[in-house]
Asks: 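So that we are looking at the same thing, I have put the structure below in structure tokens.
Please read these numbers as outputs of a predicted model, since none were measured by experiment.
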Amino acid sequence: KIVIGYGGSMSHVASFMASGVNEALSGVVQKRKNVMVLVCGDKRVWDNLPVPNHRKAHQNYMRSVWWGKALRQFDIGLAPLARFYDHRRSAIKSEEYSLMGIPFVATHSRVYEDFEANNVGVYVSNGDYDGIPFEKRVGEWEIALLDMVDNLPEWKKRAASWIDYGMEWDVDRNARKILSLYEEIATL
């Protein structure tokens, strides 16, 4: 089995639904019998996923110390965004996937622009941000996911190289930069 995974809180449900990934996952599961979808967190995502129950799994919210173990179950990660609000989120999903060496597909957004500029992850269009119609976004998600499923060993090798970029976001490595920024803000 190849597990396509997603984890998110209650504030991510609308993004997941409006991104086009929901419909794309339905197509991927229909076309590839070895794929299943694992949803961690808000069960409403799982409930609304148009995938047969035997091809999807749900894992409840968990303590943060166990999240790495949950991520380890993902062969491919998802980072869907859709709304203007989403462009103000953190880059935590791309950061987690890159640190774990998990290939992932994300929605193009300023949130992930540093990762995208460094060829970390695969990006599909965003309706609010790019003005791309919903049906086209569904198609982009499906094409990207099928490519990862069909070429998973190659994508896993590529994702292993993303770990170094993920480490560049390490707080300890950036303590001086962060402190300098706070000092600058304090003097405004």
Side-chain angles (χ1 to χ4, degrees), residues 1-10 12-62 66-82 92-109 112 115-116 119-127 132-163:
K1 292 276 183 208
I2 293 175
V3 176
I4 298 176
Y6 172 78
S9 66
M10 292 177 8
H12 290 274
V13 176
S15 306
F16 196 91
M17 303 299 287
S19 68
V21 71
N22 220 19
E23 291 76 6
L25 286 168
S26 177
V28 169
V29 167
Q30 287 176 20
K31 292 175 180 159
R32 301 298 185 271
K33 302 302 179 202
N34 61 333
V35 171
M36 73 167 297
V37 181
L38 172 58
V39 175
C40 300
D42 197 315
K43 190 160 183 297
R44 292 176 297 170
V45 172
W46 188 89
D47 291 338
N48 289 298
L49 189 60
V51 169
N53 286 351
H54 70 281
R55 301 284 299 281
K56 62 184 180 179
H58 178 258
Q59 187 164 343
N60 267 330
Y61 293 105
M62 65 198 72
W66 297 332
W67 180 233
K69 188 174 181 178
L71 274 174
R72 202 28 70 208
Q73 298 175 78
F74 296 8
D75 292 304
I76 299 168
L78 301 173
L81 302 174
I92 190 71
K93 288 189 184 349
S94 55
E95 175 66 5
E96 290 171 339
Y97 295 143
S98 64
L99 286 173
M100 298 287 286
I102 299 169
F104 67 93
V105 182
T107 304
H108 171 71
S109 170
Y112 301 131
F115 289 85
E116 188 173 5
N119 296 312
V120 175
V122 172
Y123 297 84
V124 299
S125 297
N126 185 321
I132 303 299
F134 184 78
E135 294 76 22
K136 185 172 184 330
R137 294 192 320 267
V138 170
E140 288 182 25
W141 275 104
E142 188 171 323
I143 288 166
L145 289 169
L146 286 171
D147 181 57
M148 281 192 179
V149 166
D150 294 343
N151 301 291
L152 191 57
E154 178 186 318
W155 278 105
K156 284 189 174 197
K157 284 180 193 171
R158 194 176 301 180
S161 72
W162 299 343
I163 295 169

Asks: Any side-chain heavy-atom pair from Arg55 and Lys33 closer than 4.5 angstrom?
Replies: yes

Asks: Between Ser125 and His108, is the side-chain contact (heavy atoms from CB on, under 4.5 Å) condition met? List the steps.
Replies: CA-CA 5 Å; Ser125 297; His108 171 71; 5.9 Å; no

Asks: So, the side chain of Arg32 versus the backbone of Val149: is there a donor-acceptor pair under 3.5 Å, distance only?
Replies: no

Asks: Once you round to the nearest 0.5 Å, how far does CD1 of Ile2 lie from CG of Asp150?
Replies: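 Answer rounded to 0.5 Å: 7.5 Å.
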
Asks: Going by heavy atoms in the side chains, are Trp141 and Leu78 under 4.5 Å from each other?
Replies: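 SC-SC contact between Trp141 and Leu78 confirmed.
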
Asks: Salt bridge check, Lys156 against Asp75: does any charged N sit closer than 4.0 Å to a carboxylate O?
Replies: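 Salt bridge between Asp75 and Lys156, a charged N being under 4.0 Å from a carboxylate O: yes.
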
Asks: Check step by step if side chain to side chain donor-acceptor pair (under 3.5 Å) holds for Glu96 and Trp67.
Replies: CA-CA 10 Å; Glu96 290 171 339; Trp67 180 233; 3.0 Å; yes

Asks: What's the separation between atom NZ in Lys31 and atom CD in Glu142, rounded to the nearest 0.5 Å?
Replies: 3.5 Å

Asks: Would the number of heavy atoms belonging to other residues, nucleotides or ligands and lying under 6.0 Å from NZ of Lys1 be above 12?
Replies: yes

Asks: Checking Asn60 against His58 for the side-chain contact (heavy atoms from CB on, under 4.5 Å) test, could you report, in this order, the C-alpha distance in whole Å, the side-chain angles of both residues, the deciding distance, and whether it holds?
Replies: CA-CA 7 Å; Asn60 267 330; His58 178 258; 3.2 Å; yes

Asks: What distance separates Phe115 CZ from Ser98 OG, expressed to the nearest 0.5 Å?
Replies: 4.5 Å

Asks: Using a 4.5 Å cut-off on heavy atoms from C-beta on, say whether the side chain of Tyr97 contacts that of Met100.
Replies: no

Asks: Identify the heavy atoms of Ala70 and Cys40 that sit nearest to each other, and give their distance.
Replies: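 Closest pair (atom of Ala70, atom of Cys40, distance): CB-SG, 4.5 Å.
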
Asks: Between Val122 and Met148, is a side-chain contact (heavy atoms from CB on, under 4.5 Å) present by the stated rule, with each step listed?
Replies: CA-CA 10 Å; Val122 172; Met148 281 192 179; 3.5 Å; yes

Asks: When rounded to the nearest 0.5 angstrom, what distance separates OG in Ser94 from CD1 in Ile102?
Replies: 12.0 Å

Asks: Using side-chain contact (heavy atoms from CB on, under 4.5 Å) as the criterion, point out the one residue from Tyr123, Tyr112, Phe74 that pairs with Phe104.
Replies: Tyr123

Asks: State the CG-CZ distance between Asn48 and Phe16, to the nearest 0.5 angstrom.
Replies: 9.5 Å

Asks: To the nearest 0.5 Å, tell me how far Leu38 CG sits from Ile76 CD1.
Replies: 12.5 Å

Asks: Closer than 3.5 angstrom, by distance alone: can the side chain of Ser15 be matched with the main-chain N or O of Ala82 as a donor-acceptor pair?
Replies: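 A pair under 3.5 Å: no.
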
Asks: Under the criterion side-chain contact (heavy atoms from CB on, under 4.5 Å), I'd like the reasoning laid out for Met17 against Arg44: C-alpha separation, chi angles, the key distance, then a yes or no.
Replies: CA-CA 10 Å; Met17 303 299 287; Arg44 292 176 297 170; over 6 Å; no

Asks: Keeping the roles fixed (side chain from Arg137, backbone from Ile132), state whether a donor-acceptor pair exists under 3.5 Å.
Replies: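 Yes; judged by distance alone, with no hydrogens or angles, the pair exists.
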
Asks: Does the side chain of Val138 come within less than 4.5 Å of Val21's, by heavy atoms?
Replies: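 Val21 does not reach Val138 side chain to side chain.
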
Asks: Do Lys56 side-chain atoms and Trp46 backbone N/O form a donor-acceptor pair below 3.5 Å?
Replies: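 Checked: pair present.
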
Asks: Ignoring hydrogens and angles, tell me if any N or O in the side chain of Thr107 forms a donor-acceptor pair with the backbone of Leu81 under 3.5 Å.
Replies: yes

Asks: More than 12 foreign heavy atoms under 6.0 Å from NZ of Lys43: is that the case here?
Replies: yes

Asks: Please check: side-chain N/O of Asn151 versus main-chain N/O of Asp147, any donor-acceptor pairing under 3.5 Å?
Replies: yes

Asks: Is any side-chain heavy atom of Phe134 closer than 4.5 Å to one of Ser19?
Replies: no

